[in-house]
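What follows is a single structure, written as structure tokens, with notes after it.
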Amino acid sequence: MEWKLIKHNPFANIKKPVVKHKEVIPYDENEVQQLLVALQNEPIHWRAMITLALTTGLRRCELLGLEWHHIEWRTGVPSLHKAFLCLQEVLPM
């Protein structure tokens with residue numbers, strides 16, 4: 001259109017998909033405590049993943065994309081310098 005190679009935009013009449021937003025209800029303090037107690041008998045990888053999710057607020061795809069070089073070892077904090085593409089809406093989990 002910008003270069004005037006075609007007379008009309010073939011995508012002009014296409015309807016955009018409707019985005020459905022779910023309300024996010026965060027865990028309260030009691031629920032977090034119950035979850036941490038329940039994790040005590042689980043394998044270390046589950047304890048680490050759930051604890052990291054609860055304390056950082058990272059999304060599932062961000063947690064799964066973490067690598068050792070994302071950890072700032074002086075502070076012990078994960079550092080995400082690049083955006084992770086989360087395809088939850090496109091590919092249901």
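Worth saying up front: this structure is predicted, and the values here are computed from it rather than measured. We count residues from 1, following the sequence as given.
Pairs engaging residues 34-68 under the ring pair (Phe, Tyr, Trp, His ring centres under 6.0 Å) rule: W68-W73 [sequence neighbours left out].
In the hydrophobic clustering, V19 connects to no other residue, as no ILVMFWY side-chain heavy atoms lie under 4.5 Å from its own. Hydrophobic clustering, defined by side-chain heavy atoms of Ile, Leu, Val, Met, Phe, Trp and Tyr closer than 4.5 Å, groups F11 together with I14.
The environment of N30 atom CG is dense: over 12 non-hydrogen atoms of other residues, nucleotides or ligands sit within 6.0 angstrom.
Scored by the side-chain contact (heavy atoms from CB on, under 4.5 Å) test, Q33 finds V37 as partners (sequence neighbours excluded). Not counting sequence neighbours, E29 has no partner by the side chain to side chain donor-acceptor pair (under 3.5 Å) test.
Minimum interatomic distance between E67 and H69 (heavy atoms only, all atoms of both residues): OE1-NE2, 2.6 Å.
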Contacts table for residues 47-57: side-chain donor-acceptor under 3.5 angstrom, sequence neighbours left out:
residue, atom, partner, partner atom, Å
R47, NH1, E42, O, 2.9
T51, OG1, R47, O, 2.6
T55, OG1, T51, O, 2.8
T55, OG1, L52, O, 3.4
T56, OG1, L52, O, 2.5
T56, OG1, L58, N, 3.2

